[in-house]
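Structure first, commentary second.
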Amino acid sequence: MDGEQGDVALEVPVVPESDQPAQPSKSSLKKAARREKFAAQKLERRAKEKLAKKEKKKIRAEKRAAGELDEDEEPQHKKRRVGPPFGGRVVVDLGFDEKMTEKEVQSLCSQLGYTYSANRTAGNPFSLLFTSLDGKTRARLDSMSDAGYTRWVNAEWWTEGYERLWADDPAIKQTVVYLTADSDDELTELRPDETYVIGGICDHNRLKNECLSKAQASGIRTARLPIGTYLADLRTRKVVTVNQAFEILVQWVDTRDWESAFHTVIPKRKFEDGNKPKEQPADTDGGKVVVSVEELEDAMDDES
Ligand SMILES: C[S@@+](CC[C@H](N)C(=O)[O-])C[C@H]1O[C@@H](n2cnc3c(N)ncnc32)[C@H](O)[C@@H]1O
C-alpha cells in the first residue's frame, strides 16, 4: 500500500505530558469564582455605602435647615469652636411676609434654619432675635419639623416689629443698624454694643431698596457689607441671602477679616462664571412638607 494517494501519514507532534497546560484544580477554580464574586459585591457594597452616605447627608441638611440638628451630629469641620458670645445682637426682620411668593417663603424658612444653625456652631455667637413673625412665614415654620423653631435655644421670636427694641429707651435706636446692599454707607467693623438687622426676605432681587426704605422710614442707620471693596472680582450682584449675610457676620467676628469671611461664605462658583443654579420646586407629600436637598441648596444660593 506504500505510495498510494490518501494514505499520507500525519505526523502529530507528541507533547510530553509535563509541557501540557495544567488543568486548573477544582479548588483553584472555586477560589477564582470566589474572587470574582467578591469583586462584584465590592462594587455593589461601595454603591450602597455611597447611597447611604448621601441619604445621611440629606437628612442632616433637612434637620439643619429646620434648626433641629444637634451639635454632635455635625461633621467635624462644622463643630463649635467654643468661645464667649460676641455681645452684639442680630435681628432678622420677618416683616416682608406679604411681599413673598409661597416658594420664596419656603426658601426664607430654610435660610432661617441655616442662620440658627450657624449661630449654634459659631465661635462667638450673637444673640438672635426674629421679629414680625406672622402669616405665611409663621405657617411654614409651624409645618417644619413639628414647629421645631419653637424649641430653638437662645433664639427669641416676636410678633411685634423691631421698633419694640427702643420702645422703652429711645437712645437704643442709635445703636441699631439695618444691613442692606442698597445703603450708601459701608460697614467697616461690628461692635458688641450694636444691633444689626437683616431683612428676612427672599425676593430674587425683585424688590430693590425695600429694606433701605423701611430702615429710612424707621429712622435708623443703614450699612452695606463691604463685599465690593474686598471682592472686586465677584461677577454677580452683591446681594446675599439672609443666612449668608448672617454667616459673614459670624465669620468676621471669628477672624476680624472681611475678605476671609466673604471667601468662606460666598459660594466659589460666584468667582468663576457667575452661574446661578436652577431653582428646584419644593414638594409636598400628603400634606407633609418635603424639603428637597436642591431646595436647601437653593436656599443657600444668592439672590442675584
Ligand atoms: C436677599 S437680601 C434682601 C434684598 C432686598 N431686596 C433688600 O431690599 O435688601 C436679604 C437681606 O440680606 C442682607 N444683605 C444681603 N446682601 C447684603 C449686602 N451686600 N450688604 C448688607 N446686607 C446685605 C440684608 O439685610 C437683606 O435685607
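Read the numbers this way: they start at 1 and go in the same order the structure lists the ligands and their atoms.
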Under 3.5 Å between some N or O of ligand 1 and some N or O of K208? no

Test ring-ring contact (aromatic ring centres under 6.0 Å, His included) applied to F86 - qualifying residues, sequence neighbours left out: F126

Option of least heavy-atom distance to atom 6 (N) of ligand 1 (set: L187, T241, L207): L207

Would you kindly confirm whether L212 and M100 end up in one hydrophobic cluster when ILVMFWY residues are joined by side chain heavy atoms under 4.5 Å apart? no

Could you tell me whether the side chain of L129 reaches within less than 4.5 Å of the side chain of V92, counting heavy atoms only? no

Polar proximity ligand 1 side, I198 side, N/O cut 3.5 Å exclusive: no

Just so I know, are the side chains of Y178 and Y162 near enough to count as touching, which here means a heavy-atom distance under 4.5 Å? yes

With W252, which residues qualify under ring-ring contact (aromatic ring centres under 6.0 Å, His included), at least two apart? W258

Can you find an N/O atom of V240 closer than 3.5 Å to an N/O atom of ligand 1? yes

Going by distance only, is there an N or O of C211 that falls short of 3.5 Å from an N or O of ligand 1? yes

Geometric N/O contact Y178 with ligand 1, under 3.5 angstrom: no

Can you sort out which atoms of ligand 1 are near I227, meaning under 4.0 Å from one of its heavy atoms? 19 (N)

Quick check with a 6.0 Å cut-off and a 45 degree axis cone: is K214 positioned over the face of F96's six-membered ring? yes

Regarding ligand 1, does L179 bring an N or O atom to under 3.5 Å of one of the ligand's N or O atoms? yes

Nitrogen or oxygen atoms of G199 and ligand 1 under 3.5 Å apart: yes

Any N or O of N205 that comes nearer than 3.5 Å to an N or O of ligand 1? no

Within a strict 4.5 Å, meaning less than it, do heavy atoms of the Q111 and C109 side chains meet? no

